[in-house]
Structure formats: C-alpha cells, structure tokens
Amino acid sequence: MLRSEIDGLIDEAQALFAAQGLALPPWARFSPTDWAARPEQARFCAERQMGWDVTDFGSGDFAARGLLLLCTRNGIQGRTGERPYAEKLMVVRDGQETPFHRHIVKAEDIINRGGGDLVVEVTQFDGTVETTVPVSVTVDGDRRRLPPRSPVVLAPGESITLVPGQMHRFYGRGIVVVGEVSQTNDDHNDNVFLEPVGRFAAILNDAPARFPLWSELV
C-alpha cells in the first residue's frame, strides 16, 4: 500500500469517527515528531499493539479485502498485571472483506457503531475439516443456531459475540464504523486465518508518514 493512501484513509477514519460522536485519544493524531518526543508513551503503545493499523491482508486490493483499525486500549496476553481487555474502532467499507480467521485466546464482541450494515459469517472446523453442523452465535443476548457461513446482518447498534475457535469473516453494506470489545488482543500470535494472508501490509513510502502505524512506533 502507498503511504499517502494509508494517511488519507486515516484522515477519512477520523472524520467518520467524529461524525459518530466518537472522541479519540490525543495520540491518535500524533505525528512522527510527536511520538519521538514521547519515547516512553511510544514504547507503551507499541508493546500493547495500540494505535493505527491499515492492512490489505496482502491482497494488493484494499477496497476488496482490507481493514482500517485503531486499537485504543489493550494489554499483553499472558503477562501478569496487564489489562485483560482490549478496545478497537474500525472502518469497514462496502463489500470490503476481512477474511475468515479465528482466535485461540480472544473472545470478542463485534459492534456496529453506525453507518451501513455489517455482515458477519461464522463457521467451525474439526481439525482441518470444516463442519456442517449449525454454529451457535449470540446477537445482543439472542442465541441463534445457524447453518455455517449464514450471513448475520448487524444494523447500527447491534453486536455479535464470538468465542475462541469460531472462524469468522465480515464485510460492509455501505461504509460501517465498527467497534470491538474483547479480551486482550495479540495480532502476532492469536490470529489463525483460513487461508494464507499477509496480516500486515507492505508499505511503499511515496510520501513522509503523517500518522505512524502502531508497528512503526519503536
């Protein structure tokens, strides 16, 4: 992805979050110079994977397969004394897929915070074989048993609870502001994708970065 594209997407995300009345931490607007002046804060956020994350999952086609995230709060999995929870904001575009993946440790609520509809599909595997038995999901306390990969459409304000091991993907109908409240998040070790993907985008620096990603903070 081009650096100028990433910075433009972050500009757009900040406007979308503001339109939903979602105030961001001050560091969400920090430049590289701002972060350099705050090395301890930069280390804190980087160690906890807090900050901006823009990925095309190695697809080379962000509009079709990609995601913009801002992790605002997080701990470190397995470390005593750390926060056991995480919080994210995301922008999911019309038809833009986050591909099937599961988490080993993390349970999460995926929340439609506003905009269009968010479509979530869930399936389950027995070892390496996808099962045909119904999957159990909970939508705002409503427990449902559905055929695998059945679309669950979340309107603004609705949420779905996903437990560890449930393979899931999501995409937008319209541009959707999405929230995530979960157990501690670890993008390096707790994401298992159905097919090989590049979790972090390869970046071509066609312009100086205005908003460093969390993976670039230290």
Side-chain angles (χ1 to χ4, degrees), residues 1-18 22-79 82-83 85-93 96-99 101 103-106 108 110 170 175 177-193 196-218:
M1 297 185 68
L2 296 177
R3 178 68 65 179
S4 58
E5 177 187 12
I6 288 171
D7 281 340
L9 290 166
I10 292 173
D11 283 331
E12 182 182 72
Q14 293 192 59
L16 288 167
F17 296 155
L22 299 168
L24 304 181
W27 52 252
R29 296 175 178 83
F30 280 3
S31 68
T33 301
D34 294 326
W35 282 115
R38 300 166 173 85
E40 185 175 350
Q41 188 176 10
R43 283 192 298 273
F44 180 93
C45 289
E47 287 178 356
R48 290 157 184 81
Q49 303 177 22
M50 291 168 54
W52 293 105
D53 182 1
V54 183
T55 182
D56 61 2
F57 298 104
S59 68
D61 188 352
F62 177 80
R65 175 175 274 192
L67 187 63
L68 179 145
L69 311 90
L70 176 66
C71 181
T72 54
R73 291 161 186 86
N74 198 20
I76 299 174
Q77 278 188 6
R79 182 177 293 185
E82 280 288 333
R83 289 176 290 190
Y85 57 84
E87 180 186 47
K88 293 181 183 178
L89 291 172
M90 299 176 273
V91 175
V92 180
R93 294 170 172 272
Q96 184 185 48
E97 177 201 26
T98 290
H101 64 287
H103 305 294
I104 301 166
V105 174
K106 184 177 76 172
E108 60 187 336
I110 304 295
F170 52 83
I175 297 180
V177 173
V178 178
E180 178 185 312
V181 177
S182 73
Q183 291 172 279
T184 309
N185 179 79
D186 184 350
D187 280 320
H188 289 302
N189 303 301
D190 199 29
N191 293 327
V192 180
F193 286 88
V197 301
R199 171 59 186 84
F200 301 99
I203 300 173
L204 177 61
N205 288 307
D206 63 327
R210 291 188 291 115
F211 303 108
L213 306 182
W214 69 257
S215 56
E216 300 171 320
L217 293 182
V218 293

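The basis for the numbers below is simple: all heavy atoms, side chains too, and nothing from hydrogens, waters or symmetry mates.
Looking at residues two or more places apart in sequence or on another chain, you find no ring-ring contact (aromatic ring centres under 6.0 Å, His included) involving Phe62. By the side chain to side chain contact (heavy atoms under 4.5 Å, CB included) test, Asn189 is found to be paired with Asp186, residues two or more places apart in sequence or in another chain being considered. For Ser182, the side chain to side chain donor-acceptor pair (under 3.5 Å) partners two or more places apart in sequence, or in a different chain, are Glu180. Partners of Glu97 under the side chain to side chain contact (heavy atoms under 4.5 Å, CB included) rule, at least two apart in sequence or in another chain, are Arg65, Pro99, Arg169. Evaluation of the side chain to side chain contact (heavy atoms under 4.5 Å, CB included) rule for Val105 yields Gln77, Asp190 as partners, not counting sequence neighbours. Considering only residues two or more places apart in sequence or on other chains, Asn74 meets the side chain to side chain donor-acceptor pair (under 3.5 Å) condition with none of them. Legend: residues meeting side chain to side chain donor-acceptor pair (under 3.5 Å) with His101, ordered by chain and number and at least two apart, are His168. Every side chain to side chain donor-acceptor pair (under 3.5 Å) that Glu87 has, sequence neighbours left out, goes to Thr72, Arg73. Among residues two or more places apart in sequence or in another chain, the salt bridge (charged side-chain N to carboxylate O under 4.0 Å, His left out) test is passed with Glu47 by none.
One finds the CD1 atom of Ile175 at 6.0 Å from the CG atom of Leu16 (value rounded to the nearest 0.5 Å). Atoms CG and CG, on Leu89 and Leu69 in that order, are 9.5 Å from each other to the nearest 0.5 Å. Considering CD of Gln49 and CG of Asn185, their distance stands at 6.0 Å, rounded to 0.5 Å.
Sorted by first then second residue, the salt bridge (charged side-chain N to carboxylate O under 4.0 Å, His left out) pairs that include residues 51-63, not counting sequence neighbours, are Asp53-Arg199. Sorted by first then second residue, the side-chain hydrogen bond (donor to acceptor under 3.5 Å, both in side chains) pairs that include residues 22-34, not counting sequence neighbours, are Gln14-Arg29, Ser31-Asp34.
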Considering only distance and modelled atom types, tabulate donor-acceptor pairs under 3.5 Å from the side chains of residues 210-218, sequence neighbours left out.
unit_1	atom_1	unit_2	atom_2	d
Arg210	NH1	Asp11	OD1	3.3
Arg210	NH1	Asp11	OD2	3.4
Arg210	NH2	Asp11	OD2	2.5
Glu216	OE1	Arg3	NH1	3.1
Glu216	OE1	Leu213	N	2.9
Glu216	OE2	Arg3	NH1	3.3
Glu216	OE2	Arg3	NH2	2.6

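The shortest heavy-atom contact between Phe170 and Val92 is CE1-CG2, 3.9 Å.
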